[in-house]
Enquirer: 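Got a structure here, written out as structure tokens. Questions coming.
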Amino acid sequence: NTAFAAHAAAGRVYALSEDSAPFEIALGADGAVSSHGYEHFGGALSHAVTAHPKYDPATGELLLIGYDLASSSRDVAYTVIDAAGSVARSVPIKLLEGKAMMHDWAVTATRGVLLDCPMRFRPEAMLTEDDGQCFQFERAGTVRFGVFPRGMRSADEIVWIDAKLDEIDGDARDADADADADADGGAFFSFHTISAWDDADGNVVLSAMRMPGFAMDFELGEVNRETVVCQWTLDVAARRVVASRTIFETPSEFPVINEAYRGRRNRFAYVALQGPRLFHGVAKLDLVAGRELARATWADPALESGEFVFA
């Protein structure tokens, strides 16, 4: 598995990967873990799900996405599991430039947000590229945010917003965004989102990790050294990014928040600090003020850590 997700309203816990249905597990009173098998919700779930579904404690819904490499009719699927644990609806989605890796996404109280980054499915690259990977990051590609109502019934309801940082008004665009846009045309990949919320003006405020390419390892190499925390404000009505800022420039990954605030305006987030290999500490961030509040690193350089959990 890659991650775990609890559907608290339905009393279920799932182990999740990237290429399968959720795998249900249970924890007994004696602490023993039991496996209940893959959950297809009575055959209503027809796609694999990513490792990062979103549970809304206010509605009891578990919201899923999954990208589909085999289907000709969809590239991504969006599915809502209601509080009783049944599929309420599932919507197939076609991306504008074809299939892509979409490991994570975000939700507000009213909307979902897809990050369509130019990490494209190119199976021929397994034979033609040195790295032999079927996903290839296209540096000249376009990043798009796909914003949709959580109750959508058709992919026609998605508003696609190009992440054109050079079109943001000067005061709303920081120097780091300028440098990144000049260096690679603004293309980036986001492995993990942090949070999103609807602001008073009807915009979506999205915070996520931003990396200038893709690396499947966590060595402090060229890509991971440049993985930072960014925040974008999306004017959905105008279909444009109206603000962008870098909140935290220290190399980091695996962000977490207090899940009680999922989909709502939240102030605090926590990220794992990159070390020479894996991670060597944690930082607490203020997503509203846009700054670091505190950090802790391990005194022993031999100590390494992985992903953190908010408890």
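None of these values were measured; they are calculated from a predicted model.
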Enquirer: Could you list the residues that satisfy side-chain contact (heavy atoms from CB on, under 4.5 Å) with Asp300, not counting sequence neighbours?
Expert: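 With sequence neighbours excluded, Asp300 shows a side-chain contact (heavy atoms from CB on, under 4.5 Å) to Ala302, Leu303, given in chain and number order.
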
Enquirer: Below 3.5 Å, can you tabulate the donor-acceptor pairs from side chains in residues 43-53 to any protein atom, sequence neighbours excluded?
Expert:
unit_1 : atom_1 : unit_2 : atom_2 : d
Ser46  : OG     : Arg74  : NH1    : 3.2
His47  : NE2    : Thr79  : OG1    : 2.7
Thr50  : OG1    : His52  : N      : 3.4
His52  : NE2    : His103 : NE2    : 3.0
His52  : NE2    : His192 : NE2    : 3.3

Enquirer: Can you get from Leu293 to Val271 by hopping between Ile, Leu, Val, Met, Phe, Trp and Tyr side chains that sit under 4.5 Å apart?
Expert: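 No, because Leu293 and Val271 fall into different hydrophobic clusters, even though each may have its own neighbours under 4.5 Å.
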
Enquirer: Would a distance-only check, ignoring hydrogens and angles, find a side-chain to backbone donor-acceptor pair under 3.5 Å from Glu292 to Ala283?
Expert: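 No, the answer is negative, given that no donor and acceptor are paired below the 3.5 Å cut-off.
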
Enquirer: Are the side chains of Phe308 and Tyr270 in touch, meaning some heavy atoms are under 4.5 Å apart?
Expert: no

Enquirer: Suppose we screen for side-chain contact (heavy atoms from CB on, under 4.5 Å). Which residues come up paired with Ala26, at least two apart in sequence or across chains?
Expert: Ser34, His36

Enquirer: Is Tyr78 reaching over with its side chain to a backbone N or O of Arg150, donor-acceptor style, under 3.5 angstrom?
Expert: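 Answer holds: yes.
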
Enquirer: Could you pull out all residues at least two apart from Asp286 that satisfy salt bridge (charged side-chain N to carboxylate O under 4.0 Å, His left out)?
Expert: Arg267

Enquirer: Can you tell me which residue pairs pass the salt bridge (charged side-chain N to carboxylate O under 4.0 Å, His left out) test with a partner in residues 11-31, sequence neighbours excluded?
Expert: Arg12-Glu39

Enquirer: Are any of the side-chain heavy atoms of Leu115 and Thr193 separated by less than 4.5 Å?
Expert: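 Yes, close enough: below the 4.5 Å cut-off.
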
Enquirer: With a 4.5 Å cut-off on side-chain heavy atoms, are Arg111 and Phe148 touching?
Expert: no

Enquirer: Looking at Phe189 versus Phe137, is the centre-to-centre ring distance below 6.0 Å?
Expert: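 Between Phe189 and Phe137, the centre distance exceeds or equals 6.0 Å.
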
Enquirer: Tell me, do Phe41 and Ser86 make a side-chain contact under 4.5 Å, heavy atoms counted?
Expert: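 Side-chain contact under 4.5 Å: no.
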
Enquirer: So, using side-chain contact (heavy atoms from CB on, under 4.5 Å) as the criterion, who are the partners of Val159 when residues are at least two apart?
Expert: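 Only Ile161, Val236, Arg239 meet the side-chain contact (heavy atoms from CB on, under 4.5 Å) criterion with Val159.
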
Enquirer: Would Gln231 and Leu206 count as a side chain to side chain contact (heavy atoms under 4.5 Å, CB included) here? Give the steps.
Expert: CA-CA 6 Å; Gln231 187 177 81; Leu206 169 68; over 6 Å; no

Enquirer: What heavy-atom pair brings Thr246 and Cys230 nearest, and what distance separates the two atoms?
Expert: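 Closest pair (atom of Thr246, atom of Cys230, distance): OG1-SG, 3.8 Å.
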
Enquirer: Can you list the residues that meet the salt bridge (charged side-chain N to carboxylate O under 4.0 Å, His left out) rule with Arg89, with sequence neighbours excluded?
Expert: none

Enquirer: So, using salt bridge (charged side-chain N to carboxylate O under 4.0 Å, His left out) as the criterion, who are the partners of Asp235 when residues are at least two apart?
Expert: none

Enquirer: How about OH on Tyr261, more than 12 heavy atoms from neighbouring residues, nucleotides or ligands closer than 6.0 Å, or not?
Expert: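 Result for OH/Tyr261: open.
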
Enquirer: Kindly say whether Arg262 contributes a backbone atom to a donor-acceptor pair with the side chain of Arg264 at under 3.5 angstrom?
Expert: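 Side chain of Arg264 to backbone of Arg262: a pair is present.
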
Enquirer: So if you build clusters from Ile, Leu, Val, Met, Phe, Trp, Tyr with side-chain heavy-atom gaps below 4.5 Å, do Phe310 and Trp197 land together?
Expert: no

Enquirer: Any chance you could lay out the salt bridge (charged side-chain N to carboxylate O under 4.0 Å, His left out) test for Arg120 and Asp75, step after step, and finish with the verdict?
Expert: CA-CA 11 Å; Arg120 299 292 168 199; Asp75 298 321; over 6 Å; no

Enquirer: Output the rest of the hydrophobic cluster of Met126: all Ile, Leu, Val, Met, Phe, Trp and Tyr residues reachable through side-chain heavy-atom contacts under 4.5 Å, sorted by chain and number.
Expert: none

Enquirer: Once you measure the plane-to-plane angle for His40 and Tyr38, does it fall in the parallel (<30°), tilted (30-60°) or perpendicular (>60°) bin?
Expert: tilted

Enquirer: Quick one: salt bridge (charged side-chain N to carboxylate O under 4.0 Å, His left out) partners of Arg122, sequence neighbours excluded?
Expert: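 With neighbours one apart ignored, the set is Glu138.
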
Enquirer: Sub-3.5 Å donor-acceptor pair from the side chain of Ser252 to the main-chain atoms of Thr250, do we have one?
Expert: yes

Enquirer: Measure across Ala269 and Ile257 and return the closest heavy-atom pair with its distance rounded to 0.1 Å.
Expert: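 In terms of heavy atoms, the two residues are closest at CB-CG2, 4.0 Å.
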
Enquirer: Taking it one step at a time, do Phe135 and Met119 satisfy side chain to side chain contact (heavy atoms under 4.5 Å, CB included)?
Expert: CA-CA 6 Å; Phe135 284 100; Met119 189 69 181; 3.7 Å; yes

Enquirer: Decide yes or no for Pro57 and Glu259: does some side-chain heavy atom of the first lie under 4.5 Å from some side-chain heavy atom of the second?
Expert: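 No; the side chains remain at least 4.5 Å from each other.
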
Enquirer: Hey, any chance Phe188 and Val113 share a hydrophobic cluster, counting ILVMFWY side chains that come within less than 4.5 Å of each other, even indirectly?
Expert: yes

Enquirer: Exactly one of Asn203, Thr108, Val205 should register a side-chain contact (heavy atoms from CB on, under 4.5 Å) with Asp198. Which one does?
Expert: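 The single option meeting the side-chain contact (heavy atoms from CB on, under 4.5 Å) with Asp198 is Thr108.
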
Enquirer: State whether Tyr67 and Lys99 meet the cation-pi test: NZ (Lys) or CZ (Arg) under 6.0 Å from the six-membered ring centroid, and within 45° of the perpendicular axis.
Expert: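 Checked: cation-pi criterion not met.
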
Enquirer: Is it true that Trp160 and Met152 fall in one hydrophobic cluster, defined by side-chain heavy atoms closer than 4.5 Å?
Expert: yes

Enquirer: Could you tell me if the side chain of Glu157 sits less than 4.5 Å from the side chain of Pro149, heavy atoms only?
Expert: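 Yes, their side chains come closer than 4.5 Å.
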
Enquirer: Does any part of the side chain of Val91, heavy atoms only, come nearer than 4.5 Å to the side chain of Ser154, both counted from C-beta?
Expert: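 No; the side chains remain at least 4.5 Å from each other.
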
Enquirer: The criterion is side-chain contact (heavy atoms from CB on, under 4.5 Å); which residues satisfy it with His7, sequence neighbours excluded?
Expert: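 Scan of His7 (side-chain contact (heavy atoms from CB on, under 4.5 Å), adjacent residues dropped) gives Ala9, Ala10, Tyr14, Tyr55, Leu62, Ile81.
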
Enquirer: Less than 4.5 Å apart, any side-chain heavy atom of Asp56 and any of Val107?
Expert: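 The answer is no, as the side chains (C-beta and beyond) never meet within the 4.5 Å cut-off.
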
Enquirer: Go through the structure and list residues passing side-chain hydrogen bond (donor to acceptor under 3.5 Å, both in side chains) with Ser72, not counting sequence neighbours.
Expert: none

Enquirer: Leu285, Val288: one ILVMFWY side-chain cluster at the under-4.5 Å cut-off?
Expert: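 In one cluster: no.
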
